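Along the sequence shown, residues carry numbers from 1. Not measured: the values here are computed from a predicted model. We count ligands from 1, going down the list as the structure has it; atoms in each ligand are counted the same way.
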Amino acid sequence: MDCRKKYETIVGLEVHVQLDTRSKAYCSDANLFGQSPNTCISPISMGYPGTLPKVNQEVIKHAIKLGLALNCDITKYNLYARKNYFYPDLPKGYQITQDETPICTGGHITINRLKKIEKRIALTRIHMEEDAGKSIHDLDPFHSLIDFNRAGVPLLEIVSEPEIKSSEEAYQYLYEVRKLVRHIGVSNGNMEEGSLRCDANISVRPKGEKKLRNRVEVKNINSLKNVMKAIELEVERQINCYENGEEVSQETRNYNAHNNTTTVLRTKEDAHDYRYFPEPDIPPLIIDKEFINTIKADMPMLPEELYNQYTKQYKLSDYDANCLIDEKELAEMFNRIIQDTQSYKTVANLIMGPIKSYLNEHSLLVKEFTIDSKYIAELAEMIDDNKISHLIVSQKLFPEMVKNQQSPNEIAKQYGWIQEDDTNVIEKYVQQVIDKYPKKVQEYQNGNKNLLGLFMGEIMKATKGKLNPKSINQILQKKLKK
Ligand code: MN
């Protein structure tokens with residue numbers, strides 16, 4: 001028997017979400033990614049003696065927004081705390097964070113919605129904190145470089161209960177977090193830019209055992225795929241330890257994406273003592289019901305609510321609904337277009353078909369798409385009314401719309417692309433093809449049904465795709481029966 005099957009995996013995740021605010025958490029430095037090193041700094045973010053931090057209200061709003069979206073309780077009486085440690089990219093020598101009074105407690109994240117095996121992962125807490133600067137070890141052969149632009153950038157840390165039972169569940173969890181923070185607009189959720197960073201607390205135990213065994217914290221996981229890889233690697237390592245009669249020591253390991261390994265960062269003996277204490281420079285923050293209500297009133301539709309609306313009200317399939325919701329901008333585009341039409345399914349098809357391929361081909365973002373949404377609505381109705389074939393839409397009409405910013409009806413009329421659905425015309429072409437291939441017709445009638453494709457192809461070619469294929473098919477089958 002595979003010895004791995006004897007064990008159960010237990011994972012808790014800590015996710016740091018970098019917030020999309022204009023300025024930093026405790027000063028007015030710009031919060032911008034990709035600027036020249038050490039240009040978004042000030043005496044406050046550099047921790048000069050005598051400077052005083054000031055709370056950024058946007059950070060509190062974002063924290064409450066995320067908490068509400070995740071069904072958390074919002075803490076009324078909040079204290080800020082100092083977490084002390086020495087590191088070259090931490091100029092103050094401490095981070096301003098929250099210790100005993102995190103702004104959000106409880107709540108949950110639902111995973112595996114599409115697979116119909118929904119599971120709730122409970123959250124322990126969400127607290128506000130600030131980022132450190134960035135040490136760069138691979139640019140200069142002799143020196144480490146430090147960029148302080150990130151020092152003081154606001155973060156929310158989401159801590160889950162150890163309820164994640166596989167690498168796949170961890171992936172789903174992180175995927176849901178990313179989707180949610182994007183939808184509610186608190187972060188761009190871009191893992192490659194470090195806007196979402198994940199540490200995983202991993203342990204294994206023989207199935208049936210009640211007590212948790214020693215856990216290992218794996219740090220620096222910077223992509224959705226890597227969270228799976230890091231967990232699988234660590235689970236394998238721990239099982240091997242136990243199978244060889246060794247213990248797993250409680251330690252912190254680093255995940256190295258380039259060679260897919262983990263290495264020890266520090267053991268329990270050299271664990272940090274952060275000497276948390278209340279931040280003396282920032283007074284307690286009291287959040288009242290009224291403030292929470294103004295944020296509630298401002299809340300956009302959550303992915304879950306959109307999903308229900310798309311599947312129940314607009315009758316989209318699970319798959320279509322999820323494709324649209326996965327990218328916030330696509331859902332927004334869908335919502336704009338359906339202001340002018342009720343051809344919901346066809347609008348979804350247009351977005352996922354020609355519109356997405358056009359964007360991909362030209363490496364454009366969704367927001368750079370220029371066709372007016374009312375023209376897309378009009379196009380969807382033309383398709384539903386059988387006025388135009390799918391082939392002509394994707395190959396001719398859609399490209400023309402991109403160029404011309406004109407009503408698709410007008411363009412189609414101008415080029416003679418409107419599909420004829422006239423039974424008499426179709427019957428004429430059907431008869432022509434029957435007359436042309438008497439032997440094939442015989443074969444078809446003797447049971448070779450594959451020949452239908454040949455007849456269809458001939459007619460489509462002769463009519464340049466201007467006739468409605470559905471009607472051709474019906475009339476053809478009827479005529480061939482005789
Ligand atoms: Mn943290």
Minimal heavy-atom distance between Cys72 and Leu123, with the atoms involved, is SG-CD1, 4.3 Å
In terms of side-chain geometry, is the basic nitrogen of Arg253 or Glu217 positioned less than 4.0 Å from the acidic oxygen of its partner?
-> no
Note, the Mn ion (ligand 1) has protein N, O or S atoms under 2.8 Å numbering 3
No-hydrogen, no-angle side-chain donor-acceptor test under 3.5 Å, His108 and Glu161 = no
Closest heavy-atom pair and its distance - Asn201, Glu14 | ND2-OE2, 3.2 Å
Pi-cation contact, Tyr94 with Arg82 (under 6.0 Å, within 45°) | yes
Within 45° cone of Tyr274 ring axis and under 6.0 Å: Lys83 NZ or CZ | yes
